[in-house]
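Note: hydrogens, waters and symmetry copies are ignored here, and every other heavy atom, side chains too, is used.
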Amino acid sequence: MKRLYLRLAASNIRNNRRFYLPFLLTAVMTVACFFILCSTGLSQTLPGGQTVQSVLFFGVIVVAIFSVIFLYYTNSFLIKRRKKELGLYNILGMEKRHIAKVMLWETLFSALISIGGGLIAGILLDRLMFLLLLNLIHFDVGMAYSLQPAAIALTALLFAGIFVLLLLSNLAQVVIAKPIELLRGGNVGEKEPKTRWLLVVIGVLALGVGYYIALTTTQISMAVGVFFIAVILVIIGTYCLFLAGSIAVLKLLKKRKNYYYKANHFISVSGMLYRMKQNAVGLANICILSTMVLVTVACTVSLYAGLNDVIETSYPHDITATLFAPTERCRAEVEDMIAETEQETGISAENYILYSALVRNWLMDGSELITPNAVADDTTLPTGYFCIMTAADWETLSGRHYELSGHEVALGEAAGSLPDRFAIMGEEFSVKDRFTDAPKDGPLSTFVADNIFYIIVPDSDMLIHLNQVYNGDNASDSSDTLPTMRLSLDIGGTEEQNKTFTDSIMLRLTDLSGESASFDGLTCNTKSSNLETIYSLYGGFLFLGILLGILFLMATVLIIYYKQIIEGYDDRARFEILQKVGMDKKLIAASVRSQILTMFLLPLGVAALHLAMAFPLLTRVLKALMLDNTTLFLICTLATFGAFVVVYLIVYAFTSRVYYRIVSSRESR
């Protein structure tokens, strides 16, 4: 008896290969992608350390959640198609427990093929993807590779659990249902749906609020947080409008007699209307997945393509140091140190700048700046980041001279605005000059916020006074509360010479700091030491974007395929009747083209609208990731959309041909 169940299961999979083969292929690819992410993330030899592993760990979670939802959803297409067949088994005398055993073997075969094939494909591709990741993060491709047994175990465990859930779901539908319900399972949803205006209103409101957030959020600090809120609202709005709005539109078309009572429009509109309840979810899924592909690929490609911009923004100089609590002799000692390093290494420092600066965050109460210590911790006042410098040091940094006296200042507005007269803790200042083009290597160049200002004061006395105002009684208790001196310079040698110069100057700076030195401590950043982190982060993002883009695209194609195939079988009987009453195949083909084209263009058009509405918010999210190049992002977005449209049209051409072959009865049942 066991062999009978086994043969029936194998025969069922073979006879339904049109449905099982795409499902198994995509399951294999999903397993392979998950394994590759796990294996790469668990690799102990992977350079970039915690940075890359954090990005890949995030990808593992996303793919795991996606796998559960995606395989469950595509499985629903399979079980819907199989219900009539399983109901026939029941009517012919096979008990529900016997059917359950057949389904158990079918699921076991599917799981073995999917998990086994996915692991084999993943292991074969893992080395290649590992080398790709090393190339993306700018590391030697000769890095040692090792297979991760833990990744194999984790992948097998996850997808075994998913297939157990699929089996339980399928058994619940088959065992509970009556045989007659199983026989009619493929025809559910054939009644003309009612227009649900409440869903239409909810959809319009959710989509409108989501778009409003995306278009009006100008604060970079809020962009990342509100992005996910906007995404959830747009997803809700998309489902509601496809479920209810599409029905409302089709009914409006039906009322337009000049449009509806034409042969091809009559067939396509009525066909879509009567099955829109089940079509709408599929169309919404296609739309959302298409949007996910476009956003994921466009953003990650833009980040990687703009990597040089990110590096120059984050590290405008080869060496940048901050000296805390500098004394009067500090400047002379640092200059002597650089001269000694140049003489020792034979390399000349370029763009050498040394200046004092006071970088603080103030709370902005209208036109008055207040210290954070002066208000409650739960204040809702916006924060502004201010760099206060003397006119002489600003001239050293920017080459721009300002004649100032008393409480006159020059105000640089990198982000945000202040009036011509503003107060600092009740003390009034007047703006004599304004500028918006602060140097790219200024102390605030790496800050990402909505209020960023440079305040240029007449002399060091005012600088020290404002520091005392900010810190109050603690102004001289710690080096952290005192003005700092900033050092920045570039090196013009080879990579090896630059490393020698950097190591030498870092050693000298460390020796200079301490109790008896001219400054109390320092922090130092070098471009060379931070390149690994930057390459790892953005290369990891692109690597993850490639894998997620492939998965989302694969899911989109599979859902389109299943949707068209199942609708083709559902429509075949209807078109056979139309042919018997005199409709020629040419008119059938025109009707098919009209219906399929509508179904295909609607999700693509809405996805394009979502992408366009999200573009302003996405530019701010990328700016929070240090990429402030809107032109580059626009180019990458348009290129991604163009490539996606090409793939989408290829899928359209293929599935429309298969659909037409089915409805025109060119192939056997």
Q: Can K432 and V409 be said to form a side-chain contact (heavy atoms from CB on, under 4.5 Å), step by step?
A: CA-CA 6 Å; K432 184 177 181 181; V409 300; over 6 Å; no

Q: Do T320 and Y315 touch side chain to side chain, with heavy atoms closer than 4.5 Å?
A: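 No, too far: nothing below the 4.5 Å cut-off.
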
Q: Can you give me the closest heavy-atom contact between L404 and A391, atom names plus distance?
A: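 Shortest heavy-atom contact: CD1-CB, 4.5 Å.
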
Q: For the pair L611 and V295, evaluate side-chain contact (heavy atoms from CB on, under 4.5 Å) and give the outcome as yes or no after the intermediate values.
A: CA-CA 7 Å; L611 183 62; V295 170; 3.9 Å; yes

Q: Test your reading of the model: is there a side-chain donor-acceptor pair from T300 to the backbone of V297, 3.5 Å cut-off?
A: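 Answer holds: yes.
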
Q: Give the intermediate values and the outcome of side-chain contact (heavy atoms from CB on, under 4.5 Å) for residues L542 and Y538.
A: CA-CA 6 Å; L542 180 60; Y538 291 91; over 6 Å; no

Q: Using the test ring pair (Phe, Tyr, Trp, His ring centres under 6.0 Å), find all partners of F615 that sit at least two apart in sequence or belong to another chain.
A: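 F633.
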
Q: To check you understand the geometry: which heavy-atom pair defines the closest contact between S430 and R421, and what is its length?
A: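 Distance-wise, the nearest heavy atoms are CB-NH1, 3.6 Å.
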
Q: Okay, side chain of S504, backbone of T500: is any donor-acceptor separation there less than 3.5 Å?
A: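 A pair under 3.5 Å: no.
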
Q: Indicate the atoms forming the closest heavy-atom contact of C330 with L323, along with that distance.
A: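 Taking every non-hydrogen atom into account, SG-CD1, 3.7 Å.
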
Q: For the CG atom of L487 and the CD1 atom of I338, what is their distance to the nearest 0.5 Å?
A: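 L487 CG to I338 CD1: 5.0 Å, rounded to 0.5 Å.
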
Q: On the 0 to 90° scale, with breaks at 30° and 60°, tag the F422-F429 ring pair as parallel, tilted or perpendicular.
A: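 Answer is parallel, since the angle falls under 30°.
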
Q: Quick one, L381 and M364 - any side-chain contact, counting heavy atoms below 4.5 Å?
A: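 No; the side chains remain at least 4.5 Å from each other.
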
Q: Which residue pairs pass the salt bridge (Lys or Arg N to Asp or Glu O under 4.0 Å) test when at least one of the two sits in residues 344-354, sequence neighbours left out?
A: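 Qualifying pairs: E344-R508.
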
Q: Nearest 0.5 Å, what's the CG-CD1 distance between L551 and I546?
A: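 Going from CG on L551 over to CD1 on I546, the span is 12.5 Å.
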
Q: Kindly say whether A357 contributes a backbone atom to a donor-acceptor pair with the side chain of T484 at under 3.5 angstrom?
A: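 Yes; judged by distance alone, with no hydrogens or angles, the pair exists.
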
Q: Look only at the side chain of T341 and the backbone of M337, and say whether a donor-acceptor pair between them is shorter than 3.5 Å.
A: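 The answer is yes, because a donor-acceptor pair under 3.5 Å joins these two groups.
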
Q: What distance separates L418 CG from I455 CD1, expressed to the nearest 0.5 Å?
A: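 CD1 of I455 is found 7.0 Å from CG of L418.
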
Q: Does NZ or CZ of R360 lie under 6.0 Å from the centre of the six-membered ring of Y470, at an angle within 45° of the ring axis?
A: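 Pair R360/Y470 counts as cation-pi.
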
Q: Taking side chain as C-beta onward, heavy atoms only, is F543 less than 4.5 Å from I36?
A: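 Yes, side chains in contact.
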
Q: If only atom types and distance count, is the side chain of E408 paired as donor or acceptor with the main-chain N or O of S405 below 3.5 Å?
A: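 Between the backbone of S405 and the side chain of E408 there is a qualifying donor-acceptor contact (under 3.5 Å).
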
Q: In Å, rounded to the nearest 0.5 Å, how long is the span from CG of N351 to NE2 of H317?
A: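 Here the interatomic distance stands at 6.0 Å.
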
Q: Residues two or more places apart in sequence or in another chain: which of them pass side chain to side chain donor-acceptor pair (under 3.5 Å) with N629?
A: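 Once residues adjacent in sequence are excluded, the partners of N629 under the side chain to side chain donor-acceptor pair (under 3.5 Å) criterion are D309.
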
Q: Donor-acceptor check, side chain of T619 to backbone of P616, threshold 3.5 angstrom: yes or no?
A: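 Answer holds: yes.
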
Q: How close do V293 and G549 get, heavy atom to heavy atom, and via which atoms?
A: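 For V293 versus G549, the nearest heavy atoms are CG2-O, 4.1 Å.
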
Q: What residues form a side chain to side chain contact (heavy atoms under 4.5 Å, CB included) with P439, not counting sequence neighbours?
A: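 P439: side chain to side chain contact (heavy atoms under 4.5 Å, CB included) contacts with W394, L397, S398, D441.
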
Q: If you round to the nearest 0.5 Å, how far is SG of C636 from CG of L622?
A: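 The SG atom of C636 is 9.5 Å from CG of L622, to the nearest 0.5 Å.
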
Q: If every non-hydrogen atom of L363 is compared with every non-hydrogen atom of P372, which pair is closest and at what distance?
A: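 In terms of heavy atoms, the two residues are closest at CD1-CA, 3.9 Å.
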
Q: Is it true that the NZ or CZ of R400 lies under 6.0 Å from the centre of F435's six-membered ring and within 45 degrees of the ring axis?
A: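 Because its charged atom sits under 6.0 Å from the ring centre and within 45° of the axis, R400 does stack over F435.
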
Q: Report yes or no: does D433 contribute a side-chain atom to a donor-acceptor pair with the main-chain N or O of A410 at less than 3.5 Å?
A: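 Not at all, since once roles are kept as given, no pair shorter than 3.5 Å links the two residues.
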
Q: Using 0.5 Å steps for rounding, measure from the CG atom of L369 to the CG atom of N361.
A: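 Taking CG in L369 and CG in N361, the distance rounds to 11.0 Å.
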
Q: What closest approach, in Å, do A305 and L632 show between heavy atoms, and which atom pair accounts for it?
A: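 Of all heavy-atom pairs spanning A305 and L632, the closest is C-CD2, 3.9 Å.
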
Q: For the residue pair L307 and Y535, establish whether any side-chain heavy-atom pair is separated by less than 4.5 Å.
A: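 L307 vs Y535: side chains touch.
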
Q: If you define the side chain from C-beta out and look only at heavy atoms, does anything of N451 sit under 4.5 Å from W362?
A: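 Result no, sub-4.5 Å side-chain heavy-atom pair not found.
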
Q: Between Y355 and P443, is there a side-chain heavy-atom distance shorter than 4.5 Å?
A: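 With C-beta onward as the side chain, the pair touches.
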
Q: Tell me, please, which residues at least two apart from D459 pass salt bridge (Lys or Arg N to Asp or Glu O under 4.0 Å).
A: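 D459 satisfies salt bridge (Lys or Arg N to Asp or Glu O under 4.0 Å) with no residue once adjacent residues are dropped.
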
Q: With sequence neighbours left out, what residues match Y211 under ring pair (Phe, Tyr, Trp, His ring centres under 6.0 Å)?
A: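 If we apply the ring pair (Phe, Tyr, Trp, His ring centres under 6.0 Å) test to Y211, skipping adjacent residues, the hits are H610.
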
Q: Tell me which one of F453, Y385, F386 satisfies ring pair (Phe, Tyr, Trp, His ring centres under 6.0 Å) with F447.
A: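 Filter result, single survivor: Y385.
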
Q: Consider only side-chain N and O atoms of E428 and H407, and report whether a donor and an acceptor are under 3.5 Å apart.
A: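 Note: E428 and H407 side chains miss the donor-acceptor criterion.
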
Q: Hey, is R486 close enough to D393 for a salt bridge, meaning N to O under 4.0 Å?
A: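 No, this pair does not count.
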
Q: Is there a side-chain contact between V63 and L547 (heavy atoms, below 4.5 Å)?
A: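 V63 does not reach L547 side chain to side chain.
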
Q: Return yes when atom NZ of K623 has more than 12 non-hydrogen atoms of other residues, nucleotides or ligands closer than 6.0 Å, and no otherwise.
A: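 For K623, atom NZ is not crowded (no more than 12 foreign heavy atoms under 6.0 Å).
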
Q: Output yes when a side-chain donor or acceptor of R620 lies under 3.5 Å from a complementary backbone atom of T217, and no otherwise.
A: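 Yes; at least one donor-acceptor contact below 3.5 Å.
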
Q: Should I464 and Q468 count as side-chain neighbours, where that means a heavy-atom distance under 4.5 Å?
A: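 In short, these two side chains touch, coming nearer than 4.5 Å.
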
Q: Can a donor-acceptor pair be found, under 3.5 Å and without considering hydrogens, that links the side chain of T396 to the backbone of A392?
A: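 It does hold such a pair.
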
Q: Passes side-chain contact (heavy atoms from CB on, under 4.5 Å), L544 versus F58? Steps please.
A: CA-CA 9 Å; L544 181 60; F58 172 75; 3.9 Å; yes

